[in-house]
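What you see below is based on every heavy atom in this structure, not just the backbone, and it leaves out hydrogens, waters and symmetry mates.
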Amino acid sequence: MMEPISNQDNRLEQLSQSVARMPSLSVTMMKVLEICNSPEASPDDLNRVISLDPVLAGKVLRLVNSAYYSLRTPVQSLTRAVMLLGINTVKNLALSAAVLKCLEGKDSFRGLSSNDFWLHSLGVGVASKFLAAELGVPLADREEYFVAGLLHDLGKIPLNREYAMEYSMAMKKAEEENRSLHTMEEEIFGFNHCLVGEMIINKWQLGGLFLNTLRHHHRPADAQGDKRSFISIVSLADFLINTLGIGSAGNPVKNQDILPALIRIHDANMDQSSLYSLQSAVLEEIEKAKIFLQISQ
């Protein structure tokens, strides 16, 4: 086993400072989240906030008029766009755009490929939402799975940015030894990207569900109670996207060993063959959803 390159506490402190220097979510984004998390929220409430942010308003109109929705007539009214898209979709677009803006810059991706990373993240988001539907999650709750899947690997970005040489070495050794990247991170750094992801979620005040997803997505059985089922769906999606080779977040291992455990968490008719039978539908949905990522950037 490799020895950690330097003191774990020093590395954590450096990463903590790196995360602290990251931009906070905008006032507009925080207001969007506040409105969308309110049971009394209405499209009019959301429209009033978005109308004050021309860039976000433009993204909303681009999305509703994109090929993803294939509307017969263009939508020019922001109010109508919000009504057609729905509160959760608008929230996800705003949050995705805010996250990508906070993590942009030439130094954010060094050992990792930016395009491959975000394609993998989008794939996991789409597959999480798709699997949630297959497992009977109510329609109103499925958008949370998309966001959780999109964000699940965020902790890799500061690790890759601060320690590009070591992170490239971790990815190379994981591939050479056919081991998962998160276990190689633990050997080299003394911790893995899940812990760093928690730091980001705490900074952005995005709530316990996303915090627990980033903390436990490699070991969902460690999560508490009702969160375990949610996180295991994201983990199943991550497994599926890695298997399909859609993008890459640096993990070379398909981790077949985790699949039976993930499936057992769900009281549903889901097995390995039924998971793989969803591949073509998931691939089709990802192709459609790429426009979502393009608009968010």
Side-chain angles (χ1 to χ4, degrees), residues 25-102 118-119 121-151 204 206-207 209-210 230 233-234 237 246 278 280-297:
L25 296 182
S26 68
V27 174
T28 299
M29 185 65 246
M30 299 306 291
K31 191 65 178 175
V32 167
L33 288 175
E34 179 185 335
I35 289 171
C36 293
N37 291 334
S38 168
E40 292 82 26
S42 71
D44 282 341
D45 297 328
L46 197 52
N47 177 68
R48 280 193 290 272
V49 173
I50 295 173
S51 64
L52 300 175
D53 187 330
V55 174
L56 180 56
K59 290 180 186 295
V60 170
L61 289 169
R62 282 178 61 200
L63 180 61
V64 78
N65 288 307
S66 70
Y68 186 84
Y69 290 94
S70 301
L71 300 178
R72 292 186 177 182
T73 57
V75 175
Q76 297 179 331
S77 162
L78 182 60
T79 302
R80 178 161 171 74
V82 172
M83 291 180 65
L84 287 170
L85 293 173
I87 287 176
N88 283 328
T89 298
V90 174
K91 179 186 75 173
N92 288 349
L93 175 62
L95 183 55
S96 301
V99 167
L100 267 61
K101 182 175 178 59
C102 288
W118 288 120
L119 180 56
S121 300
L122 175 71
V124 176
V126 169
S128 296
K129 183 178 175 181
F130 198 94
L131 288 172
E134 287 292 311
L135 291 166
V137 173
L139 180 62
D141 298 331
R142 294 174 198 165
E143 295 297 334
E144 298 292 307
Y145 289 84
F146 174 82
V147 177
L150 187 70
L151 302 183
W204 289 342
L206 290 180
L209 188 58
F210 295 140
F230 182 100
I233 288 179
V234 178
I246 298 171
L278 302 174
S280 59
V282 169
L283 284 171
E284 181 179 345
E285 193 65 23
I286 288 170
E287 282 303 310
K288 291 168 58 181
K290 283 181 181 177
I291 187 68
F292 188 94
L293 193 58
Q294 293 167 7
I295 290 171
S296 297
Q297 292 176 320

Item to check | Separation of Glu287 CD from Glu285 CD (nearest 0.5 Å) | outcome: 11.0 Å
Checklist entry - Side chains of Leu46 and Ile50: closer than 4.5 Å at any heavy-atom pair? => result yes
Checklist entry - Which atom pair, heavy atoms only, marks the closest approach of Ser66 to Ile291? => result CB-CG1, 3.7 Å
Item to check | For Ala148, all residues meeting side-chain contact (heavy atoms from CB on, under 4.5 Å), sequence neighbours excluded | outcome: Phe210, Thr213, Phe230, Val234
Item to check | Lys/Arg N to Asp/Glu carboxylate O, Lys91 vs Glu143, below 4.0 Å | outcome: no
Checklist outcome for this item: Shortest non-hydrogen pair, Ile87 vs Ser42, comes out as CD1-C, 3.9 Å
Item to check | Atom pair CG/CZ of Leu135 and Phe130 - distance to nearest 0.5 Å | outcome: 11.0 Å
Checklist entry - Is the side chain of Lys129 donor-acceptor paired with the backbone N or O of Arg142 at a distance under 3.5 Å, no angle test? => result no
Next on the checklist: Among residues at least two apart in sequence or on other chains, which ones pass side-chain contact (heavy atoms from CB on, under 4.5 Å) with Ala127?
Outcome noted: Ala237, Ile241, Val282
Item to check | Positive for side chain to side chain contact (heavy atoms under 4.5 Å, CB included) with Ile286, one of Val126, Val124, Leu293 | outcome: Val126
Checklist entry - With sequence neighbours excluded, what pairs up with Arg80 under the side-chain hydrogen bond (donor to acceptor under 3.5 Å, both in side chains) test? => result none
Next on the checklist: Using a 6.0 Å cut-off, check whether atom CE of Met30 has over 12 heavy atoms from anything other than its own residue.
Outcome noted: yes
Checklist entry - When rounded to the nearest 0.5 angstrom, what distance separates CG in Asn88 from CG in Leu95? => result 11.5 Å
Item to check | Residue pairs involving residues 69-102 (criterion ring pair (Phe, Tyr, Trp, His ring centres under 6.0 Å); sequence neighbours excluded) | outcome: none
Next on the checklist: Any non-hydrogen side-chain atom of Leu122 less than 4.5 Å from a side-chain atom of Phe146?
Outcome noted: yes
Checklist entry - Between Thr79 and Pro43, is any pair of side-chain heavy atoms under 4.5 Å apart? => result no
Checklist outcome for this item: What one should report as the nearest heavy-atom pair of Lys59 and Ser296 is NZ-O, 3.5 Å
Checklist entry - Do Thr28 and Leu52 have side chains that get closer than 4.5 Å, going by heavy atoms? => result no
Checklist entry - Is there a donor-acceptor pair closer than 3.5 Å between any side-chain N or O of Thr89 and the backbone N or O of Gly86? => result no
Checklist entry - Under 3.5 Å, is there a donor-acceptor pair between the side chain of Asp141 and the main chain of Val137? => result no
Checklist outcome for this item: Applying side-chain contact (heavy atoms from CB on, under 4.5 Å) to Ser121 and not counting sequence neighbours gives Phe117, Trp118, Leu150
Item to check | Value rounded to 0.5 Å, distance of OG in Ser26 from NZ in Lys101 | outcome: 9.0 Å
Item to check | Nearest heavy atoms of Ile233 and Ser128, plus distance in Å | outcome: CG2-O, 3.6 Å
Checklist entry - Of all residues at least two apart in sequence or in a different chain, which pass the side-chain contact (heavy atoms from CB on, under 4.5 Å) check with Ala81? => result Val60, Leu61, Val64, Val75
Item to check | Non-hydrogen side-chain atoms of Leu25 and Leu206 separated by less than 4.5 Å | outcome: yes
Item to check | Spatial distance of atom NZ (Lys31) from atom SG (Cys36) [nearest 0.5 Å] | outcome: 11.5 Å
